[in-house]
Amino acid sequence: MSVDIADFIVVNALGGLDNPNAPASLTASGALVQTSEQLTVDARTLADAHASGVTAINVTLGYTMGDLPPYEHTLHEIRTWDAIIAAHPRDLVRIDTAADLAEAKRQRRIGIIYGFQNAAAVEDRAERVSTFAGLGVRVVQLTYNQANQIGDGSMAPENRGLTPLGRDVVAALNEHRVMVDLSHSGEQTCLEAARISAQPVSINHTGCRALVDLPRNKTDEELRLVASRGGFVGIYFMPFLNASGHATAADVVEHIAHAVNVCGEDHVGIGTDGTITAIDDLDAYRDRLAEQVARRRAAGASAAGERSDTYPFVVDLRGVDQFRELARLLTERGYSAGRIEKILGLNFHNYAKAVWGR
């Protein structure tokens with residue numbers, strides 16, 4: 001038996017909206033970078049999103065890695081998502097404020113939160129944060145796995161903190177009420193950004209390094225600092241949750257439980273880093289996955305723990321029932337309905353109020 005999540009605001013703090021089984025998405029899945037134009041937002045994608053109970057998804061748009069011009073590509077990606085939303089007005093709505101989350105729930109539309117997974121698109125101009133904020137961007141992750149001009153990513157061996165430009169970017173994000181996301185960041189970059197930010201910060205998709213010692217997971221010191229300053233931590237459904245690389249739903253629950261113990265129940269949520277529509281043919285997917293992992297390694301963009309034999313999702317916690325199944329498992333763990341509601345979206349909603357405004 002599980003709690004009924006039908007009345008909950010459910011927020012995926014980092015996820016995707018795509019049908020990975022559609023031809024265009026299949027073609028793009030082995031590439032180093034899948035652009036927003038290569039996503040498939042079709043009838044199945046939308047039906048699955050509605051059926052899952054999700055209220056809003058922080059989708060990745062803009063430059064993450066590769067040879068594309070960061071600023072120009074990011075502007076193009078924003079226009080692409082504007083067009084996707086405009087093409088599906090009954091199903092999708094852009095989220096700009098915390099109140100929009102509640103309104104999306106009331107209207108039974110899927111809220112789309114514009115987010116970056118790399119702040120490289122600012123290039124050397126922190127003032128570009130104003131441009132992005134004006135175009136609807138509400139989450140900016142400072143780094144991907146590598147170092148950039150902002151700071152060090154989780155795989156940068158030097159583990160330096162923010163650069164002077166990085167400190168200016170954090171200040172600009174604060175000024176324009178954009179979430180500072182420290183997922184993928186190196187430890188010192190994370191700690192420094194959390195300390196200097198005038199607003200609460202987030203780690204929208206991560207695991208707990210105390211349970212699995214991999215760079216993509218966060219230390220208790222990082223988790224505790226982010227929470228102590230009013231921030232948010234989202235646990236992902238990724239291979240990094242198990243040392244074998246084969247993470248299960250039980251691992252997701254263990255990492256959530258550890259994060260709650262470290263951060264408190266008011267600061268933990270989910271950022272699955274995956275789609276709602278499940279991949280139908282996992283055998284065929286393995287071949288494409290090997291190709292993608294090889295390309296990520298060649299580009300220096302992969303993280304420790306990524307292998308061709310590990311799926312970048314949790315096999316027994318995917319598809320349209322993933323949020324209900326997680327609620328069921330948390331109930332079995334002894335969590336109350338109120339705590340589960342916080343984890344599934346209320347904590348993110350409250351964090352959004354603190355950063356975006358009501």
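Values in this document were obtained by computation on a predicted structure and should not be read as measured data. In what follows, residues are counted from 1 in the order of the sequence shown.
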Cluster check Leu182, Leu14: I/L/V/M/F/W/Y, side chain < 4.5 angstrom: no
Using the rule that two of Ile, Leu, Val, Met, Phe, Trp, Tyr join whenever any of their side-chain heavy atoms come within less than 4.5 Å, decide whether Trp356 and Val137 are in one cluster. no
So, Glu306 and Arg297, do they make that salt bridge, N to O below 4.0 Å? no
Please list, chain by chain and in numerical order, all residues satisfying ring pair (Phe, Tyr, Trp, His ring centres under 6.0 Å) with Tyr335, sequence neighbours excluded. none
Using a strict 4.0 Å threshold on nitrogen-to-oxygen distance, state whether Arg79 and Asp82 make a salt bridge. no
Check ion pair Asp152-Arg160 (N to O, under 4.0 angstrom): yes
Does the pair Glu325/Arg328 count as a salt bridge with the N-to-O cut at 4.0 Å? yes
Would the distance check show the side chain of Thr55 and the main-chain N or O of Val10 forming a donor-acceptor pair, the cut-off being under 3.5 Å? yes
Linked, directly or transitively: Leu191 and Ile196 (ILVMFWY side chains, under 4.5 Å): no
Indicate, with yes or no, if the rings of Tyr71 and Tyr63 have centres closer together than 6.0 Å. no
So the side-chain hydrogen bond (donor to acceptor under 3.5 Å, both in side chains) pairs with at least one residue in residues 248-258 (sequence neighbours excluded) are Asp220-His258, Asn242-Asp251, Thr248-Asp251, Glu254-Arg333
Return the set of residues passing ring pair (Phe, Tyr, Trp, His ring centres under 6.0 Å) with Tyr144 (not counting sequence neighbours), or none when no residue passes. His184
Tell me, please, which residues at least two apart from Tyr351 pass ring pair (Phe, Tyr, Trp, His ring centres under 6.0 Å). none
Answer yes or no: is there an ion pair linking Glu103 with Arg94, defined by an N-O contact shorter than 4.0 Å? no
So for atom CG, which belongs to Asp281, do other residues, nucleotides or ligands contribute more than 12 heavy atoms lying within a distance under 6.0 Å? yes
Ala259 meets the side chain to side chain contact (heavy atoms under 4.5 Å, CB included) criterion, sequence neighbours left out, with Cys208, Ile235, Val268
Is Arg44 salt-bridged to Asp42, cutoff N-O under 4.0 Å? no
Using a side-chain heavy atom cutoff under 4.5 Å and only I, L, V, M, F, W and Y, what cluster partners does Leu289 have? Ile279, Leu282, Tyr285, Val293, Tyr311, Phe313, Val315
Does either side chain, that of Arg288 or that of Ser29, offer a donor lying less than 3.5 Å from an acceptor on the other one? yes
Output, in order, the C-alpha distance, side-chain angles, deciding distance and verdict of ring-ring contact (aromatic ring centres under 6.0 Å, His included) for Tyr114 and Phe132. CA-CA 10 Å; Tyr114 286 6; Phe132 294 135; over 10 Å; no
Note: Ala49 and Leu17 closest approach over all heavy atoms is CB-CD1, 4.0 Å
Val139 and Leu92: same hydrophobic cluster, using ILVMFWY side-chain contacts below 4.5 Å? no
Any side-chain donor-acceptor pair under 3.5 Å between Thr219 and Glu222? yes
Decide whether Asn12 and Thr272 meet the rule of one side-chain donor and one side-chain acceptor closer than 3.5 Å. yes
Is any NZ, NE, NH1 or NH2 atom of the basic residue among Glu127 and Arg125 found under 4.0 Å from an Asp or Glu carboxylate oxygen of the other? yes
